[in-house]
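Structure record follows, encoded as structure tokens.
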Amino acid sequence: MTQTDCLAIVLAAGMGTRMRSDKPKVMHEIGGLPLVGHVLSAVKQAGTAKAAVIVGPQMPQLIETVQKLTPDAVCYEQTERLGTAHAVMAARQAYEQHTGDILVLTADTPLITAQSLAKLRQELANGADVVVLGFHADDSTGYGRLLVENGQLTAIREHKDATEAEQQVKLCNSGILAFSSKHMAKLLDAVENNNNQQEYYLTDTVELANRFGLKVSTVTASEQEVMGINNRAQLAACEEVFQNRQRQHFMLEGVTLQAPNSVYFSHDTKLEGDITIEPNVVFAAGVSVASGATIRAFSHLEQAHVASGATVGPYARLRPGAQIGEGAHIGNFVEIKKAVVERGAKVNHLTYIGDARVGEKSNIGAGTITCNYDGYMKHHTDIGANCFIGSNSVLVAPVQLEDGAFTAAGSVITKNVPQDSLAVARAMQTNKIGLAAKMRQKLKAQLQRLKNKN
Ligand code: UD1
Ligand code: CA
């Protein structure tokens with residue numbers, strides 16, 4: 001990686017009408033992260049110190065998102081949509097003040113990698129003044145063609161302006177370029193809009209650079225990496241590529257995925273080695289899992305932590321704030337929200353634990369429910385260590401069960417249970433000896449009378 005300072009200018013001014021959405025295109029997400037976030041994270045990884053994001057008018061949501069993801073990024077508004085060069089020029093203040101490398105990217109190519117950006121920067125370090133990231137297109141329709149002579153890129157010809165011979169060129173413009181700051185302002189100022197779209201094309205800087213006697217070259221990336229998003233079908237195609245990258249990454253890090261294509265990750269999923277993940281598991285945002293844990297089939301996890309050796313699922317749901325301790329068991333049809341389940345505790349069947357603590361080695365019987373919400377406020381349930389909660393218990397919060405407490409099955413617990421005590425909170429059972437047989441005889445006789453009548 002080169003040592004010069006780097007500025008990234010990210011074009012995000014387009015609304016993206018083909019998305020048919022009320023929000024700006026680059027706010028749509030892949031792996032739970034807005035498209036613009038993917039590009040910002042790639043430029044950061046490539047050693048970029050500063051980012052300038054070009055936004056369109058009335059995109060407060062986008063500005064807020066950029067600020068949240070990259071607090072030191074500066075947003076510039078392109079008030080009128082007059083072309084890609086015009087968009088870059090909205091950040092004039094940023095590039096005029098900058099000395100070093102300048103990367104220009106579009107925010108709708110979220111799969112771009114830091115490695116390709118590093119290649120662009122390396123080419124600048126090797127003496128190029130302008131570098132274009134190209135790719136070999138399967139179908140080059142619609143893309144600008146890269147015209148190269150003896151290693152020098154002489155022009156980018158937009159599809160509609162290309163001659164028949166030029167249209168045969170398969171090397172296309174990804175829309176990602178790198179400039180040395182020395183010539184940036186001069187090149188942009190020279191761009192004109194005398195084309196049939198009457199737009200200021202950033203791609204015209206290539207011919208201008210040739211006219212100024214500058215060195216212009218290309219480096220390449222795979223077509224998949226520079227795949228752009230214009231509609232929701234392309235959004236899904238990019239999501240698939242992103243998911244495959246995540247799956248590959250985790251498997252090489254020592255995570256077993258029994259059916260990789262059925263497991264979905266978030267951009268921020270953290271998994272240690274030696275974890276087993278069964279089929280059909282979804283990791284939403286903010287999940288971390290420690291080594292030796294097993295996530296069984298059909299589980300959904302979000303903003304949750306699973307400690308080493310724990311088992312979750314099948315069919316478990318960990319909601320925000322779920323913290324599963326070492327070796328703990330969360331079983332089928334169990335939902336955990338904002339609750340700590342301590343080391344070795346077991347919550348195995350058909351249970352809701354919310355706003356609670358389950359102490360070490362406690363066992364929660366099937367069908368247990370923490371009643372945490374009264375329609376206005378949430379309340380806490382505290383279950384100590386080594387407790388045994390009988391099946392179908394209802395724990396009405398706020399309530400505390402001290403260490404070693406025991407609740408009888410079917411109890412509705414509304415009062416605290418002291419240490420090592422048994423709480424029984426259900427109607428008493430009485431047995432009427434022989435009454436079942438008498439009732440059967442009576443009912444049989446009734447039925448016979450009815451039949452005789454008809
Ligand atoms: C552009 C390139 C083309 C390349 C292709 C790759 C130009 C002239 N052409 O074509 O060579 O092969 O990308 O996908 O650059 N934008 C603004 N403000 C504007 C205009 C555009 O922010 O005034 C943004 C758009 O939101 C978009 C990006 O710049 O993200 C590219 O613009 P677009 O009009 O889509 O260019 P293409 O025709 O795709
Ligand atoms: Ca485009």
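Since we're looking at a predicted model, the values are computed, not measured. Whatever order the structure lists ligands and atoms in, that order sets their numbers, starting from 1. Nothing fancy with the numbering, it's 1 onward along the sequence.
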Exercise. With a cut-off of under 6.0 Å to the ring centre and 45° to the axis, is R245 in cation-pi contact with F250?
Worked result: no
For this session: Hey, could you give me the CD1/OG1 distance between I353 and T368, rounded to the nearest 0.5 Å?
Result: 6.5 Å
For this session: Could you list the atoms of ligand 1 found under 4.0 angstrom from a heavy atom of L11?
Result: 29 (O)
Would you mind writing out the side-chain donor-acceptor pairs for residues 206-214 within the sub-3.5 Å range, not counting sequence neighbours?
{"from": "N210", "atom 1": "OD1", "to": "Q152", "atom 2": "NE2", "distance (Å)": "2.9"}
{"from": "N210", "atom 1": "ND2", "to": "L153", "atom 2": "O", "distance (Å)": "2.8"}
{"from": "N210", "atom 1": "ND2", "to": "T154", "atom 2": "O", "distance (Å)": "3.1"}
{"from": "N210", "atom 1": "ND2", "to": "V206", "atom 2": "O", "distance (Å)": "2.8"}

Problem set entry | Numbering as shown, the atoms of ligand 1 that approach L82 to under 4.0 Å (heavy-atom distance) | 23 (O)
For this session: Out of R81, R157, H159, indicate the one that has the non-hydrogen atom closest to atom 34 (O) of ligand 1.
Result: R81
Exercise. Numbering the atoms of ligand 1 from 1, which are under 4.0 Å from a heavy atom of A13?
Worked result: 17 (C), 22 (O)
Problem set entry | Sub-4.0 Å heavy-atom approach of G83 to ligand 1 | yes
Seminar exercise, completed: The option among L146, T109, T106, I229 carrying the non-hydrogen atom nearest to atom 27 (C) of ligand 1 is T106
Exercise. Against heavy atoms of S174, which atoms of ligand 1 measure under 4.0 Å?
Worked result: 6 (C)
For this session: Taking the side chain as every heavy atom from C-beta outward, state whether V53 and L40 have any pair of such atoms under 4.5 Å apart.
Result: yes
For this session: Heavy-atom contacts with T84 under 4.0 Å: which atoms of ligand 1 show up? List them by number with element.
Result: 7 (C), 8 (C), 15 (O), 20 (C), 21 (C), 29 (O), 31 (C), 32 (O)
Exercise. With backbone taken as N, CA, C and O and side chain as the heavy atoms from C-beta onward, which portion of H86 lies under 4.0 Å from ligand 1: side chain, backbone, both, or neither?
Worked result: neither
Exercise. Taking heavy atoms and a distance under 4.0 Å, where does E158 meet ligand 1: side chain, backbone, both or neither?
Worked result: side chain
Exercise. Numbering the atoms of ligand 1 from 1, which are under 4.0 Å from a heavy atom of Y201?
Worked result: 8 (C)
Exercise. Would you say T84 and E199 make side-chain contact, with heavy atoms under 4.5 Å?
Worked result: no
Problem set entry | Salt-bridge contact R357-D382 (side-chain N to carboxylate O under 4.0 Å) | yes
Exercise. Salt bridge between K378 and D355, side-chain N to carboxylate O under 4.0 Å?
Worked result: no
For this session: Go through ligand 1 atom by atom and flag the ones less than 4.0 Å from a non-hydrogen atom of G14.
Result: 26 (O)
Exercise. Looking at K44 and D72, does any basic side-chain N land under 4.0 Å from a carboxylate oxygen?
Worked result: no
Problem set entry | Among K160, E199, M89, Q78, closest by any non-hydrogen atom to atom 17 (C) of ligand 1 | Q78
For this session: Could you tell me whether N173 and ligand 1 have an N or O pair separated by under 3.5 Å?
Result: yes
Exercise. Is the shortest side-chain N to carboxylate O distance from E164 to R145 below 4.0 Å?
Worked result: no
For this session: May I have all residue pairs that pass ring pair (Phe, Tyr, Trp, His ring centres under 6.0 Å) and include part of residues 20-58, sequence neighbours excluded?
Result: H38-F242
Exercise. For F283 and Q246, what are the C-alpha separation, side-chain angles and deciding distance, and is it a side chain to side chain contact (heavy atoms under 4.5 Å, CB included)?
Worked result: CA-CA 11 Å; F283 292 92; Q246 288 284 72; over 6 Å; no
Exercise. Is G142 in polar range of ligand 1, meaning some N or O pair under 3.5 Å apart?
Worked result: no
For this session: Provide the number and element of each atom of ligand 1 under 4.0 Å from a heavy atom of A87.
Result: 17 (C), 18 (N), 22 (O)
For this session: Compute the shortest N/O to N/O distance between E80 and ligand 1 and return yes if it is under 3.5 Å, no if not.
Result: no
Exercise. Does some side-chain heavy atom of V358 sit less than 4.5 Å from a side-chain heavy atom of I336?
Worked result: no
Problem set entry | Contact with ligand 1 for D108, non-hydrogen, under 4.0 angstrom | yes
For this session: Indicate yes or no: does an N/O atom of L202 lie under 3.5 Å from an N/O atom of ligand 1?
Result: no
